[in-house]
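Reading through the structure tokens given below for one structure.
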Amino acid sequence: MIRKEDEVQNYIERIRDRRSREGIPDYDACQRILEHAAEMNSSAIFGMGYYYFAEYYLRAGDREKTMHCLEECAKCFLAAKMYESLARSYNLMGVVSELQDDPVIALDHYYTGLQYAEKFGHTYVHAMIDANIGNILMYMKRYEEAIQRYEQSLDYYGRSEDCPPRAGNMVMCLICCGMCYRRLQQPEKALSLWEEIAAARQSRPDAKYPELELGIFEAECHAVRGNRTAFFRGMEEILQKLRDMENVEPVACCLKDIAELLLDFQAYELLEEFFRIIDERGACARITREMELYPCRSACLLSQNKTREYLEYTRRYFTAYEKDRQNNRRVTARVLELRDRLSAMEREREKMQDDNRYLENIALYDSMTNLANRTSLNEHACIKFEEAQREKKLLGVELLDIDCFKKYNDTYGHLAGDACIEAVAGVLQSVGSARVFCGRYGGDEFMIVYSDMTLEEIGGVVERIEQQVRNLAFPHSASECSDIVTVSQGVFVRKPDEPNREWDFNFQADSALYLAKRAGRNCYRIKTEFSE
């Protein structure tokens, strides 16, 4: 019988696969996902349904409904502990806020998403959000900070798993870095990045790249080199791309770059054609974009002696400027509020991390030895047992105790006994690794779980433990097997079969420990077969 959790996960994987193959689902498909979520009573599926509805409404241009769906899916993903999807939701909230001319709120959403991506190690989403923050910093002309964000984004992309959009996203970060370097009057660095972009595209010719942005940056590089013919040819190609678009909103962030390049080269005819194209497509309806393009458009009008149009346009600009100035006052107040909120959130996050570390230590680690406690041991053994059983790998379980420890306590006292236990625990800490998990089982008894190792490797660790405990050279005059502190070790190593359970391995390790004690202690025994 399929568990509900598996059924939910299988359904989510199917709709994600369909999304990657067929694109954004239509209204009916999104509605069916929500209906299935209701049937399954699944927060995870509800979250996916609302997220795809958000993409649907964003494509349709309804930003209010987009934000509503993103807020709903964020609640669902948080309830389902789907932190990667939660970080993606906040990233998309930031994108929508930018489209609504609210960079402050956009940053708030980006930083929230970044916290989830960083905390739970989702490197790809971390890279996306860093790049989006870089875009805002670039827009604010804080080019050096923007470069740092883009470089950090490239680093996280490099550490994430490969997927179809990754190569294009990395090239976009390189383009933005190059544009920032050009504005910082560092043309050599910009040109070196163009070479890096060319190499990246050559290594992944099948990937989808941001063609308009590539064209703009290439034209900038031609401008740096003083190659006018190549520059004008490139700008003609860019204008043709704009003509072919019914809606230039998806590339709106590029419009200012195009206009400034044409103005720098005094290409007034091309600049006039550029404004004609974007006016036909309503690209300057937003106040902020009209203000961004004012210097280029006014220069274009003056170059053609269109004085009346220039004066009319300038009046419109100053009206927009006054509205924007009043809005900036409100934005400044919100920036200060946001800064305080972010500082408080950071302090709270650090406190929570400290509290969580303290609680984790109490819950999972033995206070005397700092080794894993019995609860943590059992949990780790269960996980590694299931993994070994599933993947047909060897699993080793060892039980170890200090020889004649009661007599040691009686002879030297309990403080010395505690010191002896801590010293043996130190030996175990020195051999511990991702494949050798050591913990205190109780009293003077310890357990070690060996995973993903050969029998010979396990035997080598067992011998190291034996020898390093002897090297401690703790005197033990009351011992029945040596004049120093020694240990007995029992190890059971085998590939788990279907009927086996982790406690079967514990029992067999205990049996091996009994054999070591019967053999006179101060030795180890390794078993590979079950015994009654």
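For the single chain, residues carry numbers from 1 onward in sequence order. What you are looking at is a predicted structure, and each value in this text was computed from that prediction instead of being measured.
- Across all non-hydrogen atoms, the minimal contact from C177 to I147 is SG-O, 4.1 Å.
- Note that CD1 of I33 is 8.5 Å distant from CZ of F53, once rounded to the nearest 0.5 Å.
- The pair K75-E72 meets the salt-bridge criterion, with a side-chain N (NZ, NE, NH1 or NH2) lying under 4.0 Å from an Asp/Glu carboxylate O.
- Between the side chains of D130 and Y156, no donor-acceptor pair of N or O atoms lies under 3.5 Å.
- Taking CG of L92 as the reference point, atom NE2 of H109 lies at 10.0 Å (rounded to 0.5 Å).
- Between the side chains of R59 and T66, no donor-acceptor pair of N or O atoms lies under 3.5 Å.
- The aromatic rings of F505 and F530 stand perpendicular to each other, their planes meeting at an angle above 60°, with 30° marking the opposite boundary.
- For E269, the CD atom counts as loosely surrounded, since its 6.0 Å shell holds 12 or fewer non-hydrogen atoms of other residues, nucleotides or ligands.
- When F385, F492, Y450 are each tested for a side-chain contact (heavy atoms from CB on, under 4.5 Å) with L395, only one passes: F385.
- Listed by first then second residue, pairs satisfying ring-ring contact (aromatic ring centres under 6.0 Å, His included) with a partner in residues 231-257 read F231-F265, not counting sequence neighbours.
- Put simply, CD1 on I136 and CG on L107 are 4.0 Å apart, with the number rounded to the nearest 0.5 Å.
- With contacts defined as side-chain heavy-atom distances shorter than 4.5 Å, the pair I45/H36 qualifies.
- Ring pair H380/F437 is parallel by interplanar angle, where below 30° counts as parallel and above 60° as perpendicular.
- Rounded to the nearest 0.5 Å, atoms CG (L271) and CD1 (I258) are 10.5 Å apart.
- Formation of a donor-acceptor pair under 3.5 Å by the E151 side chain with backbone atoms of Q148 is not found in this model.
- Between the side chain of R281 and the backbone N or O of N247 there is no donor-acceptor pair closer than 3.5 Å.
- Between E387 and K384, at least one side-chain nitrogen of the basic residue sits less than 4.0 Å from a carboxylate oxygen of the acidic one, meeting the salt-bridge criterion.
- Taking the charged nitrogens against the carboxylate oxygens, K392 and D497 have no contact shorter than 4.0 Å, which rules out a salt bridge.
- Residues E98 and Y110 have side chains that bring a donor and an acceptor to within less than 3.5 angstrom of each other.
- To the nearest 0.5 angstrom, L70 atom CG is 6.5 Å from M67 atom CE.
- Side-chain contact of Y150 with N135: a donor-acceptor pair under 3.5 Å is present, judged by distance alone.
- Ring pair Y90/Y116 is parallel by interplanar angle, where below 30° counts as parallel and above 60° as perpendicular.
- Within the structure, every pair that satisfies the side-chain hydrogen bond (donor to acceptor under 3.5 Å, both in side chains) test and touches residues 194-204, not counting sequence neighbours, is listed here: D162-R204, R204-D206.
- Using modelled atom types, one side-chain atom of R63 and one backbone atom of L99 make a donor-acceptor pair closer than 3.5 Å.
- Within a 6.0 Å sphere centred on CD of E13, heavy atoms belonging to other residues, nucleotides or ligands number more than 12.
- Taking E55 as the reference, R19 meet the side chain to side chain donor-acceptor pair (under 3.5 Å) condition, with sequence neighbours excluded.
- Taking all atoms of both residues into account, the shortest heavy-atom contact from G49 to L34 is CA-CD2, 3.8 Å.
- Atom CG of D17 has more than 12 heavy atoms from other residues, nucleotides or ligands within 6.0 Å.
- At distances below 3.5 Å, at least one donor-acceptor pair connects side-chain atoms of R166 with backbone N or O atoms of Y157.
- A donor-acceptor contact shorter than 3.5 Å is absent between the side chain of S153 and the backbone of R149.
- When the shell of 6.0 Å around CD of E391 is examined, it contains more than 12 heavy atoms from other residues, nucleotides or ligands.
- No side-chain donor from either of Y56 and D62 sits under 3.5 Å from a side-chain acceptor of the other.
- With respect to the salt-bridge test (charged N to carboxylate O, under 4.0 angstrom), the residues R32 and D28 do not qualify.
- By the neighbour-count criterion of 12 heavy atoms within 6.0 Å, atom NZ of K241 is densely surrounded, having more than that number from other residues, nucleotides or ligands.
- In this structure, the side chains of E220 and R225 stay at 4.5 Å or more apart for every pair of heavy atoms.
- The aromatic ring centres of H122 and Y83 sit 6.0 Å or more apart.
- Contact check for R16 versus S85: side-chain heavy atoms found under the 4.5 Å cut-off.
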